[in-house]
Amino acid sequence: MTLRVGVIGTGGMGREHIANLSVLDGVEVAVVADIVEKSAASAAASCGASASTDPAALAVDATLDAVVIASPDDTHAALAITAIQSGKYVLCEKPLASTAEDAGRVVDAERAAGRDLVQVGFMRQYDPSHLQLDAAMSGLGALRHLRCVHRNTNHQWERPLELVFSQSLIHDVHTARWLSASEFTSVVAQVVSGPRPVEHVALLGAMENGSTVTIEFVEATYGYDVEVEATCEHGVAVAAQPPQPLIRSDGVQHRHIGDDWFGRFAEAYRKEVEDWVAGILDDRVNGPTAADGLAAQRVVDAAIRSASSGRREAV
Ligand code: ISE
């Protein structure tokens with residue numbers, strides 16, 4: 001059987017998923033939709049799909065088994081609900097929605113459908129160095145503190161605080177929920193502005209299991225850099241950086257860090273779609289669910305409230 005997949009959104013992430021799906025046996029990227037006709041046409045040509053400029057029509061297309069949603073964030077929830085109502089499996093890029101309220105609507109739509117259909121694109125859960133960290137933590141006793149550092153590049157534009165939290169920090173929030181196997185109960189977030197509205201964010205979260213989480217986010221210029229460090233009862237585990245050759249040249253030696261998430265998480269994106277497809281073939285969602293998308297969005301909403309109130313906010 002060939003799984004017929006439609007892809008909505010042909011920006012960077014849509015194209016990444018198209019490339020990764022196209023090399024999988026038994027998968028056909030059959031239709032690609034984008035409201036920008038030229039972009040839909042060129043992405044469709046890259047994988048032999050047909051092109052559409054109507055994302056909502058793709059979401060209800062009865063000839064498709066599953067849909068990837070990689071369009072702008074504020075379109076995710078409505079498209080996911082449409083796809084759920086037409087009985088399709090969905091891989092929805094993060095965030096699941098722009099607000100917790102809308103993310104809740106997606107979860108409600110799944111409940112009405114009577115089954116989980118949505119996987120959310122929290123791809124760090126597939127990253128080899130994050131998986132190694134998870135395994136290392138299991139031998140070190142209870143988690144006491146998780147420290148996540150996210151230095152982001154490639155944002156030439158000035159993102160308002162809400163977008164920095166819902167597009168970027170939401171990854172670290174998911175990492176913290178996943179690695180601690182616990183939920184945030186409260187957060188306090190501080191934002192430092194500079195030339196950009198958000199230069200630096202420091203977030204401190206308290207978890208149900210008594211551990212704490214800090215997330216530090218910085219708009220960096222030197223490279224894309226993600227770190228995770230777990231302090232546990234019997235020791236500390238630090239996620240390895242992806243292996244890179246050591247280069248000696250011009251009197252210095254260095255290792256390349258990478259400029260963006262496409263390089264840093266290339267393997268994770270591949271594993272993510274492989275696991276999504278494997279789940280569909282077993283008639284289930286294997287990866288992060290819509291409920292995870294909702295839980296992360298609730299933390300983000302509380303962090304946004306805290307950044308403006310200056311107080312600790314309950315999640
Ligand atoms: C971007 O949208 C992503 O999803 C990246 O993984 C994240 O690191 C970056 O901060 C976001 O802007």
Side-chain angles (χ1 to χ4, degrees), residues 7-20 68-77 80 91-98 103 119-131 133 147-179 189 191-192 196-203 213-228 239 241-242 257-273 276 287-288 292-293 296-297 299-300 303-304 307:
V7 177
I8 299 174
T10 55
M13 273 323 304
R15 284 170 194 257
E16 181 79 13
H17 291 313
I18 289 172
N20 290 335
V68 174
I69 299 174
S71 44
D73 298 355
D74 56 0
T75 64
H76 290 181
L91 174 60
C92 182
E93 261 313 316
K94 45 57 46 181
L96 177 59
S98 301
Q119 176 165 333
V120 178
F122 291 128
M123 77 299 179
R124 291 184 187 179
Q125 201 171 315
Y126 293 95
D127 172 54
S129 65
H130 282 70
L131 288 165
L133 178 70
R147 175 170 174 256
C148 304
V149 183
H150 187 164
R151 299 185 187 91
N152 195 39
T153 49
N154 283 8
H155 283 295
Q156 309 306 335
W157 68 96
E158 297 183 351
R159 288 186 300 169
L161 182 145
E162 289 76 14
L163 289 189
V164 172
F165 281 67
S166 68
Q167 294 179 333
S168 294
L169 267 90
I170 200 161
H171 279 294
D172 308 280
V173 166
H174 179 74
T175 300
R177 292 184 56 252
W178 164 51
L179 289 175
V191 175
V192 178
R196 280 172 285 226
V198 181
E199 288 293 336
H200 185 187
V201 180
L203 180 149
V213 170
T214 50
I215 299 174
E216 299 161 41
F217 174 86
V218 185
E219 290 286 10
T221 48
Y222 68 92
Y224 182 75
D225 211 354
V226 168
E227 294 174 42
V228 194
Q241 291 297 326
I257 296 174
D259 302 322
D260 63 24
W261 49 93
F262 293 108
R264 169 65 183 81
F265 290 111
E267 176 72 5
Y269 287 127
R270 279 194 289 273
K271 296 278 185 228
E272 176 184 53
V273 293
W276 177 58
D292 288 316
Q297 193 66 48
V299 179
V300 160
I304 293 170

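Computed over heavy atoms, backbone and side chain alike; hydrogens, waters and symmetry mates excluded. When a ligand or atom number is given, it counts from 1 through the structure's own listing order.
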Test item: side-chain donor near acceptor, [X] and [Y], under 3.5 Å:
X	Y	result
His174	Gln125	yes
His17	Glu93	yes
Arg151	Thr221	no

Hey, which atoms in ligand 1 end up nearer than 4.0 Å to a heavy atom of [X]?
X	value
Arg159	12 (O)
Ser168	9 (C), 10 (O), 11 (C), 12 (O)
His150	7 (C), 8 (O), 9 (C), 10 (O)
Lys94	1 (C), 2 (O), 3 (C), 4 (O)
Tyr224	5 (C), 6 (O), 7 (C), 8 (O)
Met123	6 (O)

Open item on the list: Test your reading of the structure: does His171 have an N or O sitting under 3.5 Å from an N or O of ligand 1?
Closed with: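 Right, the criterion is met.
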Task: side chain to side chain donor-acceptor pair (under 3.5 Å) against Glu162, all qualifying residues, sequence neighbours excluded - done: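 With neighbours one apart ignored, the set is empty.
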TODO: Taking only Lys NZ, Arg NE, NH1 and NH2, and the carboxylate oxygens of Asp or Glu, determine whether Asp172 and Arg124 approach each other closer than 4.0 Å.
DONE: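 Looking at Arg124 together with Asp172, the answer is yes, because their closest N to O distance falls below 4.0 Å.
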Task: Asp127/Arg264 ion pair, N-O < 4.0 Å - done: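 Judged by the 4.0 Å cut-off on N to carboxylate O distance, Asp127 and Arg264 do form a salt bridge.
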- [ ] Using the test salt bridge (Lys or Arg N to Asp or Glu O under 4.0 Å), find all partners of Arg177 that sit at least two apart in sequence or belong to another chain.
- [x]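 Partners of Arg177 under the salt bridge (Lys or Arg N to Asp or Glu O under 4.0 Å) test: Glu183, Asp292.
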Open item on the list: Can you tell me which portion of Arg151 lies within the under-4.0 Å heavy-atom range of ligand 1? Options are side chain, backbone, both, or neither.
Closed with: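 Neither; no heavy atom under 4.0 Å.
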Task: Under-4.0 Å heavy-atom contact with ligand 1, by part of Phe265 that carries it - done: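 Neither part.
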